[in-house]
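A short worksheet on the structure shown next.
Below, each value reflects all heavy atoms present in this structure, side chains not excepted, and no hydrogens, waters or symmetry copies.
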Amino acid sequence: MKIKHFMQIPVFVFSLLIFLFATENYSSAQSKYLNYGFKIGLNALSTIKYDTYYAGDTTSGSFYTNKNGYLVGAFFRVNYSHLFLQPEVAWNYHQQTCGFMIPDKSNAGTYLPKALDINMDAVNTNLLLGYSIIKNKPFLFDVYIGTSLKWTYNIEYEINEEHSYHGKSDFYCYAGVIGFSAGISKLYFDFRYELNQPNTNLDFRNIPDISEAYQGVFLEKNENILSFSVGMMF
């Protein structure tokens with residue numbers, strides 16, 4: 001199970017710290033022209049809009065729950081004085097629970113609450129433009145802005161822990177990125193927010209082999225992503 005695999009993240013971070021401080025290290029936080037690095041961390045979807053519909057009609061009493069996900073990424077950085085350009089590629093695993101309502105066939109005019117668990121695998125390519133506020137060996141502190149293009153290639157759905165559906169998707173979306181990063185020698189920290197991902201609505205008719213009872217459900221939602229990662233930059 002993916003969650004069990006990523007329970008080892010604290011062990012990785014601890015090992016990284018031991019490696020850094022147990023070895024003799026004369027490197028600076030940033031070289032003059034070019035850096036490269038890797039990172040591993042956590043992400044969380046941040047839903048800023050959520051409306052549910054059935055057969056075109058608004059339904060009430062719905063809810064959503066955003067859960068922690070995971071990321072692994074690599075990057076390189078081209079430096080020009082205090083400015084830098086940073087292309088990146090990252091794998092992300094996202095988790096979310098979406099509540100919705102469907103008509104109760106045994107009681108006309110009433111609705112039954114249901115919950116859909118969504119697990120998503122995605123690949124991001126990012127391009128960041130940043131500025132190093134602090135660039136004093138071995139310390140580094142940057143702020144940056146940029147863009148992100150995401151390809152969600154695999155989605156797993158589960159309704160009320162009873163019905164599971166699996167689908168592959170050519171689902172693309174884009175977002176703006178703002179954040180900051182810090183470095184101490186080779187140790188690298190990154191904290192960012194991906195803003196206003198469009199095209200995150202969910203029409204249940206697009207879920208493969210879903211029961212007819214759910215095909216009238218439509219979720220209108222807009223999501224941002226908050227993430228934190230730690231790694232090494234060389």
Side-chain angles (χ1 to χ4, degrees), residues 1-7 42-73 89-125 148-176 193-227:
M1 191 174 181
K2 290 179 180 177
I3 295 177
K4 291 182 180 178
H5 293 165
F6 284 95
M7 289 176 65
L42 302 173
N43 61 52
L45 293 174
S46 173
T47 303
I48 59 174
K49 177 182 180 181
Y50 188 77
D51 296 306
T52 61
Y53 301 86
Y54 189 88
D57 297 325
T58 304
T59 56
S60 60
S62 301
F63 67 93
Y64 60 87
T65 303
N66 296 318
K67 305 176 182 179
N68 286 336
Y70 312 99
L71 67 92
V72 177
V89 62
W91 172 83
N92 282 270
Y93 178 65
H94 299 294
Q95 301 181 95
Q96 185 181 47
T97 297
C98 295
F100 61 94
M101 310 289 281
I102 62 171
D104 185 353
K105 292 183 178 179
S106 60
N107 248 329
T110 62
Y111 286 82
L112 294 173
K114 295 287 183 177
L116 173 72
D117 291 321
I118 308 174
N119 299 322
M120 296 175 285
D121 295 280
V123 174
N124 286 55
T125 56
S148 176
L149 176 65
K150 174 182 288 185
W151 172 42
T152 302
Y153 64 89
N154 186 62
I155 307 177
E156 295 177 356
Y157 305 95
E158 186 173 324
I159 298 178
N160 284 81
E161 300 182 350
E162 299 170 358
H163 308 289
S164 296
Y165 308 94
H166 179 85
K168 293 187 176 181
S169 173
D170 287 326
F171 173 61
Y172 291 90
C173 65
Y174 57 89
Y193 198 55
E194 295 181 24
L195 296 163
N196 193 27
Q197 288 194 101
N199 305 323
T200 55
N201 297 337
L202 177 59
D203 187 338
F204 277 41
R205 292 175 298 180
N206 295 329
I207 299 177
D209 303 318
I210 195 167
S211 169
E212 186 177 349
Y214 300 112
Q215 291 187 13
V217 179
F218 183 84
L219 307 182
E220 185 177 4
K221 54 193 178 79
N222 189 281
E223 295 161 352
N224 297 340
I225 297 176
L226 182 67
S227 66

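Below 30°, between 30° and 60°, or above 60°: for Trp151 and Tyr172 the angle between ring planes is below 30°, a parallel geometry. Note: Phe100 and Phe204 have perpendicular aromatic rings, judged against thresholds of 30 and 60 degrees for the angle between ring planes.
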(request) Would you sort out whether Lys67 and Asp117 count as a side chain to side chain contact (heavy atoms under 4.5 Å, CB included), showing the intermediate values? (result) CA-CA 10 Å; Lys67 305 176 182 179; Asp117 291 321; 3.7 Å; yes
(request) For Glu220 and Tyr53, run side chain to side chain contact (heavy atoms under 4.5 Å, CB included): C-alpha distance rounded to whole Å, both residues' side-chain angles, the deciding distance at 0.1 Å, then the answer. (result) CA-CA 8 Å; Glu220 185 177 4; Tyr53 301 86; 3.1 Å; yes
(request) Output, in order, the C-alpha distance, side-chain angles, deciding distance and verdict of side chain to side chain contact (heavy atoms under 4.5 Å, CB included) for Leu71 and Ser227. (result) CA-CA 9 Å; Leu71 67 92; Ser227 66; 3.8 Å; yes
(message) Could you walk me through whether His94 and Glu223 satisfy the side chain to side chain contact (heavy atoms under 4.5 Å, CB included) test, starting with their C-alpha distance in whole Å, then the side-chain angles of each, then the deciding distance to 0.1 Å, before giving a yes or no?
(response) CA-CA 12 Å; His94 299 294; Glu223 295 161 352; over 6 Å; no
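Note that the CD1 atom of Ile118 and the CD1 atom of Ile207 stand 7.0 Å from one another [nearest 0.5 Å]. Distance check, rounded to the nearest 0.5 Å: CD1 of Ile210 to CZ of Arg205 gives 11.5 Å. Rounded to the nearest 0.5 Å, atoms CD1 (Ile102) and OG1 (Thr52) are 12.0 Å apart. Distance check: Ile155 CD1 to Asn119 CG gives 10.5 Å after rounding to the nearest 0.5 Å. If you take CG on Asn206 and CZ on Phe218, they are separated by 9.0 Å, rounding to the nearest 0.5 Å. Interatomic distance, Thr110 OG1 to Met101 CE, rounded to the nearest 0.5 Å: 8.5 Å.
Looking at Thr47, Asn224, Asn43 one by one, the single match for side-chain hydrogen bond (donor to acceptor under 3.5 Å, both in side chains) with Asn66 turns out to be Thr47.
At least one donor-acceptor pair closer than 3.5 Å links the side chain of Lys221 to the backbone N or O of Thr200. The backbone N or O of Asn68 sits less than 3.5 Å from a side-chain atom of Gln95, completing a donor-acceptor pair. Remark: the backbone N or O of Ala175 is not paired with any side-chain donor or acceptor of Ser148 at under 3.5 angstrom.
Summarising the local packing, CG of Asp209 is surrounded by 12 or fewer heavy atoms from other residues, nucleotides or ligands at distances under 6.0 Å.
Between Ile225 and Asn92, the closest side-chain pair of non-hydrogen atoms is not below 4.5 Å. Residues Asp51 and Thr58 are not in side-chain contact: their nearest non-hydrogen atoms beyond the backbone lie 4.5 Å or more apart. A 4.5 Å side-chain heavy-atom check between Cys98 and Tyr50 finds at least one atom pair inside the cut-off.
Scanning both residues, Ser46 and Tyr193, for their nearest heavy atoms gives OG-OH, 3.5 Å. Nearest heavy-atom pair, Phe63 versus Lys114, reported as atom, atom and distance to 0.1 Å: CE2-O, 4.4 Å.
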